[in-house]
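Please read the structure below before turning to the comments.
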Amino acid sequence: MPELPEVEITVRGLAQVLEGRRIERVELRRADLRRAFPADLGQRLTGARVTGLGRRAKYGLIHTDRADTLVFHLGMSGTWRIDPDEIGLHDHLLLETDGGHRLSLNDPRRFGSVDLLRTEEMDDWPTFKAIGPEPLGGEITGSWLHDRFAGRTAAVKLLLLDQRIVAGLGNIYVCEALFRARIDPRKAAARVSRAKLAALAAAIPVVLQDAIAAGGSSLRDFVQPDGGLGYFSAQYDVYGREGQPCRACGGCVRRIVQGGRSTFFCGTCQR
DNA sequence: CACGATACCTGTAAGC
DNA sequence: TGCTTACAGGTATCGT
């Protein structure tokens, strides 16, 4: 996915064309993504005015003046497209605004989701209640991680992907944050030193902010709402760099599989 | 409960 | 060229 930085960039792009605008037309081009679209989505959204955009973890939020909030998740392959030239097989939800723009939620793999919540009840939504704090919110410190990791034998990399612990990190930024903190991703979470956890807590928001500043990452099917591409992928230290030299020590970046997913790290720097 | 494996779905690239 | 396989940013669910 779109991990947290890509969702943040998406939300900022959507705000440019949605903020203050009335949604004049809603078109559902299929009944579901991962789950069914809300049955009354079109009815509740049509004619509503967008009062603001937001983000919680990897979920994008579109608030309306009808006290509803559309919550979208981009899954692995979702993107919002603004004024696409053509509407294709994977454009599943279309919104047309009084500003003359047409937005399309495009998601080939359909791992994404769309929900419509009452804004005042949003914090009580089970999905939001179950996930951990925002990594950019300043709550994640070394000692906080130490507490959460106490007694945990799973690899630190796998726990960082658990949205109940830290919400918003995905495979790329976990690999990058662990590199910056010089932590071996295979290490049992409870056995990572306090000093390393402090470095990790510091690295997480920095790597995310760096990615946001670069405009999000560009993997093969991620395009920003304005059609531009992000360039952070060129700055990756380890992700996708198997066999290439470590930028810090010149050693060889390795790829291993953890939890069925690729982990990239430097076996020399990360201990 | 913690943990690992699997399923969901499509597109792309690599290997034969 | 065509077929098969592996892999891709995530998350829910199911065994053990």
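Proteins come first, then strands; the chains are lettered A, B, ... in the order of their sequence lines, and each starts at number 1.
- Under 4.0 Å is where a charged nitrogen must lie from a carboxylate oxygen, and between A:Asp210 and A:Arg180 at least one such pair does.
- At the phosphate of C:dA8, OP1 or OP2 sits under 4.0 Å from a side-chain N or O atom of A:Ser262.
- The phosphate of B:dC9 (OP1 or OP2) has no side-chain N or O of A:Arg34 nearer than 4.0 angstrom.
- Nucleic acid contact class of A:Arg164 (heavy atoms, under 4.0 Å, all strands): none.
- Rounded to an integer number of Å, the gap from A:Lys157 NZ to C:dG10 C1' is 12 Å.
- Between A:Met76 atom CE and B:dT12 atom P there is a gap of 15 Å when expressed in whole angstrom units.
- Here A:Phe111 does not pack flat against the base of B:dC9, since the 5.5 angstrom centre distance and 30 degree tilt limits are not both met.
- Residue A:Ser77 places none of its side-chain N or O atoms closer than 4.0 Å to OP1 or OP2 of B:dC9.
- The interatomic distance linking A:Tyr59 (OH) with C:dG10 (C1') rounds to 9 Å, in whole Å.
- Between A:Arg12 and A:Glu8 there is a salt bridge, since at least one side-chain N of the basic residue sits less than 4.0 Å from a carboxylate O of the acidic one.
- At the heavy-atom level, A:Leu161 lies nowhere under 4.0 Å from the strands shown.
- A:Ser113 comes within contact range of no nucleotide atom at all, as no heavy-atom separation falls under 4.0 Å.
- A residue-by-residue look at A:Gly260 and A:Arg152 shows that A:Arg152 has its nearest nucleotide of DNA chain B further toward the 5' end.
- When the nearest nucleotides of DNA chain B are assigned to A:Arg30 and A:Gly151 by heavy-atom distance, the more 5′-ward of the two goes with A:Gly151.
- Of the candidates B:dG11, C:dT11, C:dG10, C:dT11 carries the atom nearest the A:Gln163 side chain, counting heavy atoms from C-beta on.
- The side chain of A:Arg255 approaches C:dA8 more closely than any other nucleotide in the set B:dG11, C:dA8, B:dC9.
- A:His73 has a side-chain polar atom (N or O) that falls below the 4.0 Å cut-off from OP1 or OP2 of C:dT11.
- When the P atom is compared between C:dC14 and B:dC9, the two are found 16 Å apart, to the nearest whole Å.
- Closest approach to the A:Leu159 side chain among C:dA8, B:dG11, B:dC3 is made by B:dC3 (side chain taken as heavy atoms from C-beta onward).
- Spacing between atom CD1 of A:Ile165 and atom P of B:dC1 amounts to 14 Å, rounded to whole angstrom units.
- Distances shown here put every side-chain N or O of A:His90 at or beyond 4.0 Å from the OP1 or OP2 atom of B:dC9.
- For the pair A:Arg56 CZ and C:dT11 P, the computed distance is 12 Å after rounding to whole Å.
- The separation between A:Glu3 atom CD and C:dA8 atom C1' is 12 Å, rounded to whole Å.
- Between A:Tyr59 and A:Phe128, the distance from one ring center to the other falls under 6.0 angstrom.
- One interatomic measurement links the two molecules: CG of A:Asp32 to P of B:dC8, which rounds to 14 Å at whole-angstrom precision.
- For A:Arg109, no side-chain nitrogen or oxygen approaches OP1 or OP2 of C:dG10 to under 4.0 Å.
- Across all strands shown, C:dG15 forms a Watson-Crick or G-U wobble pair with B:dC3, both key distances being under 3.5 Å.
- Using a 4.0 Å cut-off between charged side-chain N and carboxylate O, A:Asp123 and A:Lys129 make no salt bridge.
- Ionic pairing of A:Arg186 and A:Asp184 is present here: one or more N-O contacts between side-chain nitrogen and carboxylate oxygen are shorter than 4.0 angstrom.
- Side-chain atoms of A:Ala154 lie closest to B:dC3 of the nucleotides B:dC9, B:dC3, C:dT11.
- In this structure, the NZ atom of A:Lys58 is 9 Å from the C1' atom of C:dT11, given to the nearest Å.
- A cation-pi contact, defined as under 6.0 Å to the ring centre and within 45° of the axis, links A:Arg182 to A:Phe179.
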